[in-house]
Student: 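My structure is below; once you've seen it, I'll send some questions.
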Amino acid sequence: MNSQEIKFFPLDISYQISEEGGVEISIFGITLDRKKIRIFDSFLPYFCAIVDKKADAEKLIQKIRETELVVDVKLESKKYIQDNVKAIKIFAKNPSDLRQIREKLRNFEGISEIAEGDISLRKKYLIDNNITPYTLCGVEGRIERRGFGDIDLTVIAEKITRISSDLIGNPRVLAFDIETLCMGSAPNAKEDPVIMCSFYGSNNFKRVITWKPIRNAPEYMRFVGGEQELINEIIRTIREFDPEILVGYGSDFFDFPYIINRTKKYKMPLNIGWDGSEPMTRLRLGRGTTKLKGIVHLDISQFIRNVLSPNLESERLDLNRVGKELVGIGKSLDLKDTSINVLWDGTNEDLLKLVEYNLRDSEIVFKIVEKVLPTQFQLAKIINLPLFDVNRMTYSQLVEQFLLKNAPDFNQVIPRRPLYSEIKKRRQQTYVGGFVFEPEANLYENIGSFDYRSLYPSLISAYNIGPTTLNCDCCGPSSEKVEVDGEEYWFCGKEDGFLSILIRDLVDRRKRIKQILKDTKKTDSSYQELNALSYALKTLANATYGYLGFAGARWYCLECARAITALGRKYIDQVIKTAHKLGFEPIYADTDGAFILLKNKEGQVDKFLKKINSTLPDPMELEYHGKYKRGLFLGKKSGAGGAKKRYALLSDDGDIILKGIEAIRGDWSPIAKKTQREVVEIILKEKSVDKAAEYVKNLIDKLKSRDVQVYDLAIEATLTRDLRNYEFKGPHVAAAEIAKRKGYFVRRGFIVSYIVCSGSGKISERVKLTEDARVQDYDINYYINHQIIRSVYKIFELFNYPIEKLKSGQSELTNW
DNA sequence: CCGATT
DNA sequence: AACGGCTAATCGG
């Protein structure tokens, strides 16, 4: 017996059913001296039966108590959104008993609803026990074993407490990546062996393992005799390095399932869990996961896709592009799956290239993780979940978990997830969003940029918006109202609601942190952590509005979402009107911000801000983001007026910002995007239409003489559905069909790259996959008219430059 | 040429 | 499994 407290950082949590049939929680953690600890705890799973208003709660509770398998019941007074309800908490030994009880309760009278039965046990345990992953906790209990597998200490918990909110420092991170042969169109785990595996970890750890001898190999290489030995060496390397966090890019659905398949083929173990257990994969089409016991496995591509992608310029989320954008390093070679075979069967030089390629992938993954891990830690702390979960969550899940975690503090019952039929119904309802002010197409000078800081979160907070305050009985229709399309809503004026309190807290905390960051040097140790926290707070606050309008949300509230956008429209309109009054000229506005010509009134900016801000309810605030030297707002194709959400700006520092225009859109050929980017830059920086025209003419000459790379003509598109679900065959669908015939695994999410070739008939009838196209194939006229000209004609039109002159005349320079 | 689809 | 707004090419009748 030892009841001394042991301090530790929880890394992950799981549960199993003990021999006695009870729930046995396992917490895997790291002690202060970096020893591995596993803590066992017990937990009684439960759900809540909400008692019908008319029913006799005492009678009902008695009946439930006598029901078979029920271990315990508790009657509680709770809030269910706005209703005061009696909730009977029903406990059972394990989830399967609980399910049986639920079935029996179907026949009981007096239960209006079952709640909190659809939350995973791990999450419930963490919420109810207030254990925050990665922050310092203490456990008292019986030390069962010293050492078992890789685990140094096993404790049966009697008491677990939070000690502080300090995060675990300097986790040991290991990134890995495998290479396989590829005999078909994609690697097949039944046929193609793993040939190489690279690692890149904390403290400059590097290793590449392979089973083919290579001369003049770098010192970080390890050579083995074959694939089975390679896999054993992978296991050894992981054990030896002993990572707390193991990361891959696509490792949930590629690397791990692949290795697991190969070990099954050889009937060999893959015992990399702390307790010697095998990885657990859940293969759900497109969104599988691989979980290890103890080691936290992150497939960082999931976090990139779910959370970071809206903030990335790159539309494609492959490691090469994401690496370049996030950490400035891309792949060492542009390799297709099948060209790995060629290098593998090539010269010693080729093999060295493959080694470098393999190691580079792990290096990029490691550096991406270094960059995003602080944000994940902060999110984990705020929503109280392990990194394993945080790394794989979408916006709606992050917001929902945040609300779920805090609901008990407000005595709120956690509503159940909507049924599919309910979701379908919700999806039918749409509502009006942000206001967009149509600009006059033109080139403008000296443009001020204004926007409301976190507009939607501020509105939620300022107007006390939320499902619990909507049209409350305590205030009634005589209170201040928000009008939306003839309908009127009000939000409680007496008591702050659960949602708005939480959002206000996020907004306030972020404001304070931003203030501290202003006085913190980037090199300070606290800078990165505070910056990550600020990002995490912003992410959660900004996603909350979208969550309220999300059909799958537990706390769905269409009226709230409508009220938020309606108020947003009102406040952006106020900016436009006030700017006019002070003699400024607003040229463009979108949802929460506006561009305003400062003209000769720059000195009045402060007055303008004060005028608006003095009318705003706390915590709303209009901010001035400085000015741009010049801006190009493009016109629409049809009719007069400017296009919304499409413009280019030139900052005083010479940086160019592009929004919405073709040059940053994925479904255009690189050649068209580059042309537009160049033309915009020449116009913005030099204001020379002739020089821009010269550039275009030159390019058209090159296209005519086929002096271009096929890659520059490639048009990429992502399939938004499975092939058979398309109602008509657009060019990208036609190209995807070709890919399918070639043996590619074509389904929703497949990225197809194609070229439009010469010939007659529909465009969809003359596409070729980029990989099959040659430079003599492409349709010169299509690329001139539909890609190059199309990307720039609106710019030339604006300056009354005749389009025909771009096409017909050869460049004066080359002509000469 | 127009509406639907992407 | 976050929202809506927006433009424009292409298909298919």
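Naming convention: chains lettered A, B, ... in sequence-line order (proteins, then strands); numbering from 1 in each chain. Since the structure is predicted, the reported quantities are computational estimates derived from the model, not experimental observations.
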Student: Let me know the distance between CD of Gln428(A) and C1' of dG4(C), rounded to the nearest Å.
Tutor: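 In whole Å, dG4(C) C1' and Gln428(A) CD are 17 Å from each other.
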Student: Could you tell me the separation between the CG atom of Leu634(A) and the C1' atom of dA8(C), rounded to a whole number of Å?
Tutor: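 Nearest whole value for this atom pair: 14 Å.
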Student: With Asp779(A), which residues qualify under salt bridge (Lys or Arg N to Asp or Glu O under 4.0 Å), at least two apart?
Tutor: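 Only Arg766(A) meet the salt bridge (Lys or Arg N to Asp or Glu O under 4.0 Å) criterion with Asp779(A).
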Student: By the 4.0 Å heavy-atom rule, please label Lys645(A) as base, sugar-phosphate, or nothing.
Tutor: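 Touches a base.
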Student: For DNA chain B, what residues of residues 590-597 of chain A have any heavy atom nearer than 4.0 Å?
Tutor: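 Within residues 590-597 of chain A, no residue comes under 4.0 Å of DNA chain B.
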Student: For Gln401(A), enumerate each residue passing the side-chain contact (heavy atoms from CB on, under 4.5 Å) test, keeping only those at least two apart in sequence or located in another chain.
Tutor: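 Per chain and number, Gln401(A) pairs via side-chain contact (heavy atoms from CB on, under 4.5 Å) with Lys123(A), Ile127(A), Ile383(A), Leu385(A), Met393(A), Leu404(A), Lys405(A).
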Student: Can you list everything that forms a side-chain contact (heavy atoms from CB on, under 4.5 Å) with Gln574(A)? Sequence neighbours excluded, please.
Tutor: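 Once residues adjacent in sequence are excluded, the partners of Gln574(A) under the side-chain contact (heavy atoms from CB on, under 4.5 Å) criterion are Tyr452(A), Tyr571(A), Thr578(A), Ile612(A), Thr615(A), Leu616(A).
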Student: Does Cys557(A) have any disulfide bond (SG atoms under 2.5 Å apart) partners at least two apart in sequence or in another chain, and if so, which?
Tutor: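 With sequence neighbours excluded, Cys557(A) shows a disulfide bond (SG atoms under 2.5 Å apart) to Cys560(A), given in chain and number order.
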Student: In whole Å, what is the span from the OH atom of Tyr547(A) to the C1' atom of dG4(C)?
Tutor: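 It works out to 19 Å between those atoms.
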Student: Which residues pass the salt bridge (Lys or Arg N to Asp or Glu O under 4.0 Å) test with Glu623(A), sequence neighbours left out?
Tutor: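 Listed in chain order: Arg453(A).
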Student: Between Asn391(A) and Asp299(A), is there a donor-acceptor pair closer than 3.5 Å when you use the side chain of the first and the backbone of the second?
Tutor: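 Yes, Asn391(A) side chain to Asp299(A) backbone: donor-acceptor pair under 3.5 Å.
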Student: Write down the distance between CD1 (Ile715(A)) and P (dA8(C)), rounded to a whole number of angstrom.
Tutor: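 Distance check: Ile715(A) CD1 to dA8(C) P gives 17 Å.
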Student: Taking only the side-chain heavy atoms of Arg646(A) (C-beta and beyond), determine which of dT10(C), dA2(C), dA8(C) contains the nearest atom.
Tutor: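 Output: dA8(C).
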Student: By salt bridge (Lys or Arg N to Asp or Glu O under 4.0 Å), which residues pair with Lys729(A), not counting sequence neighbours?
Tutor: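 Checked Lys729(A) against salt bridge (Lys or Arg N to Asp or Glu O under 4.0 Å); matches are Glu737(A).
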Student: Between Thr430(A) and Phe550(A), just flag the one whose closest nucleotide in DNA chain C comes earlier from the 5' side.
Tutor: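 Result: Phe550(A).
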Student: Starting at atom CG of Leu540(A), determine the distance to atom P of dA2(C), rounded to an integer number of angstrom.
Tutor: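 One finds 14 Å between P of dA2(C) and CG of Leu540(A), rounded.
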Student: How long is the line joining CZ of Phe435(A) and C1' of dG4(C), in whole Å?
Tutor: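 Value for this atom pair: 15 Å.
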Student: Starting at atom CZ of Arg426(A), determine the distance to atom P of dG4(C), rounded to an integer number of angstrom.
Tutor: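 Result: 14 Å.
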Student: Show the distances under 3.5 angstrom between N or O atoms of the protein and N or O atoms of nucleotides 2-5 of chain B.
Tutor:
unit_1	atom_1	unit_2	atom_2	d
dT5(B)	OP1	Glu727(A)	OE1	3.3

Student: Salt bridge (Lys or Arg N to Asp or Glu O under 4.0 Å) with Asp590(A): which residues, sequence neighbours excluded?
Tutor: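 Per chain and number, Asp590(A) pairs via salt bridge (Lys or Arg N to Asp or Glu O under 4.0 Å) with Lys645(A).
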Student: Kindly indicate, with the supporting measurements, whether the criterion salt bridge (Lys or Arg N to Asp or Glu O under 4.0 Å) is fulfilled by Arg416(A) and Glu116(A).
Tutor: CA-CA 6 Å; Arg416(A) 56 167 177 72; Glu116(A) 309 201 5; over 6 Å; no
